[in-house]
There are 2 protein chains.
Amino acid sequence: MFKEERLQLIVDEVTRHNKVRSSELCQMLNVSEDTVRRDLKELADKGIVRKVHGGAVANSLIPPEYREQNIGHIGQKRIIAEKALSLVRDGQLIIIDGGTTNLELVRQFPEGLKATVFTNSIPIANELCTHSEIDLFFFGGKVLKSVRVTIGMDVLHFLSDLNADICFIGARSLHASLGITTTRREEAQIKRKLAEVSNQVAALVTSDKVGTIQPFRVVELEEVHTIVTELPPGAAEMRPFRDKGIEVL
Amino acid sequence: MFKEERLQLIVDEVTRHNKVRSSELCQMLNVSEDTVRRDLKELADKGIVRKVHGGAVANSLIPPEYREQNIGHIGQKRIIAEKALSLVRDGQLIIIDGGTTNLELVRQFPEGLKATVFTNSIPIANELCTHSEIDLFFFGGKVLKSVRVTIGMDVLHFLSDLNADICFIGARSLHASLGITTTRREEAQIKRKLAEVSNQVAALVTSDKVGTIQPFRVVELEEVHTIVTELPPGAAEMRPFRDKGIEVL
DNA sequence: AACAAAGATGCTGTTTTATGCAAGTTTATT
DNA sequence: AATAAACTTGCATAAAACAGCATCTTTGTT
């Protein structure tokens, strides 16, 4: 991650909560305390934040180039995607489910990544068409237009003889005792199957989805190996998941 | 590769990912770090990107001359699409093959068109997701990234029990005696099958493709029922086709 | 065609930047 | 006051940026 991006993220964090601990930042950004301190100093010099012992607090006005929703803006999803990148490596067979967070992940894929990817998401397939070294396969079937993924028997059939290294599953809701749930029965069915044929199951979720529940069960928590959120890995919200032996990034 | 092409590619990359590392670029473009740096400097001077240590990030607005892929013949394709619209009606089962002309066709589909559409083209599926009354199905299979369509056994399997009212076939070349031909064997195979399971076969082609030949045969002219070009229906170029009893719009 | 001028590209060596680490100092908290 | 966490300073290193130069293309002019 570029230093500029880091600065942007710090500003976002400060504007959202009016304050920030440097210890949290350095976990969230995967850099040393030193670097965070230097970043905060730089932002303080520019008058964007005010440095205090242990972190920084918001300063009245944010200059336009640092405001959220700027084009180059880095949201939570990008943080998640960057963390999740460490899970993929050359030569893997990867299944990628739909969802905007997963889309962000494939956008971060390095240009030369060599892998075989299966997906049922139209936008994700579209994005991956620009990666010359990726072997891409699409699960055919009926298109669920609202989320732009395919569902139905054909997908299940396609999956029957597949064995993937890792599956990035899209999760609308993640709960410490109920696992992953979603809003449509057919979707749940497909997702369950995706997880079933994969050696590792990773769920990329923004923290606002943690603790929520939807009507249809996708997979139990026991079947999920890795959870990636934008929070620092040690965050209290993720405690229950860590306790169950799930890797939390 | 021309310098301008390189600059365009860099801009594309930045607009897609919001950032780019110069190391990636020089690998991707096969030029030295120096050249990449000079390119980035140039783009930065024009205000198109913002240079940061190690690469560049997106800058709020991209001038129109650098926007993505301005595909050729856009005007002609629109004329073709409008004529071809008369071929579709509510309630039909329609197969739509890939290609930019066909994409233009679905863009012209009226909002409330009620139909069942099968396609193997990612952009077309994506476009049709916005049409609420269309039942959309996607042929799964291996993705041919350069044209964003699926190919392979799975597509053929998917097609086996289908019977469509009309098929809009994408044609790279159309010849009065050799029919439709294309550049890849797998593509030809799929297209032939698409035509086979359809009661009516329509080819939407710009006139510059008429009379050209590619290595692989898709279908004979006898199997094509309708040809749509941007030319007036009575144009001399289309005479040989009309003479064979093909409807020319 | 010949030739000059301008431009693009890559190479070499040097300078700057980003970042982490270590050792010592300051600050908060109990 | 004791102690742990947070800060400061200085240093080390690797990557990136820069400047100057040599080579090769392209372009325009006679």
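In what follows, every chain begins at residue 1, and chains take the letters A, B, ... in the order their sequences are listed. Just so it is clear, the model here is predicted, and its values are computed rather than measured. Computation of the quantities below employed the complete heavy-atom set of this structure, encompassing side-chain atoms and omitting hydrogens, waters and symmetry-equivalent molecules.
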Worksheet item: Counting any heavy atom closer than 4.0 Å, what does B:V36 reach on the DNA or RNA strands: base, sugar-phosphate only, or nothing?
Response: nothing
Worksheet entry | Shortest side-chain distance from A:D34, nucleotide among C:dA8, C:dT19, D:dT9 | D:dT9
Fill in: Phosphate contact (C:dT9 OP1 or OP2) by B:R6 side-chain N/O below 4.0 Å
yes
Fill in: A:R239 CZ: over 12 foreign heavy atoms closer than 6.0 Å
no
Practice prompt. Report yes if a side-chain nitrogen or oxygen of A:S22 is closer than 4.0 Å to either non-bridging phosphate oxygen (OP1 or OP2) of D:dC7; otherwise report no.
Written response: yes
Practice prompt. Could you tell me the separation between the CD atom of B:E33 and the P atom of D:dA14, rounded to a whole number of Å?
Written response: 17 Å
Worksheet entry | A:K41 NZ - D:dT9 C1' separation (whole Å) | 13 Å
Worksheet item: Rounded to whole angstroms, how far apart are CG on A:L40 and P on D:dC7?
Response: 8 Å
Response to the item:
Judged by nearest nucleotide, the residue sitting upstream toward the 5' end of DNA chain D, A:K51 or B:V52, is A:K51
Response to the item:
In whole angstroms, the gap separating P of C:dA18 from NE2 of B:H53 amounts to 6 Å
Discussion item. Would you say CZ of B:R217 has more than 12 non-hydrogen atoms from neighbouring residues, nucleotides or ligands within 6.0 angstrom?
Written reply: yes
Worksheet item: Should A:D165 and A:R89 count as an ion pair when the cut-off is N to O under 4.0 Å?
Response: no
Worksheet, complete the sentence: Ranking B:N30 and A:D39 by the position along DNA chain C of their nearest nucleotide, the one closer to 5' is B:N30
Item to complete: Using atom CZ of A:R21 as one end and atom P of C:dA28 as the other, report the distance to the nearest whole Å.
Response: 12 Å
Item to complete: Taking only Lys NZ, Arg NE, NH1 and NH2, and the carboxylate oxygens of Asp or Glu, determine whether A:D39 and A:K3 approach each other closer than 4.0 Å.
Response: no
Worksheet item: Does the distance from a Lys or Arg side-chain N to an Asp or Glu carboxylate O, for B:E24 and B:R21, drop under 4.0 Å?
Response: no
Fill in: Separation of D:dA15 P from B:E24 CD (nearest whole Å)
15 Å
Worksheet item: Does a distance-only test, which skips hydrogens and angles, find a donor-acceptor pair under 3.5 Å between the side chain of B:R38 and the base of C:dG7?
Response: no
Worksheet item: What is the distance from CZ of B:F2 to P of C:dA8, rounded to the nearest Å?
Response: 13 Å
Worksheet item: Roughly, in whole Å, what's the span from CZ in A:R37 to C1' in D:dC7?
Response: 5 Å
Item to complete: Name the closest nucleotide to the A:K3 side chain, picking from C:dG10, D:dA6, C:dA18.
Response: C:dA18
Worksheet item: Looking only at side-chain N and O atoms, does B:S32 come under 4.0 Å of OP1 or OP2 in C:dT9?
Response: no
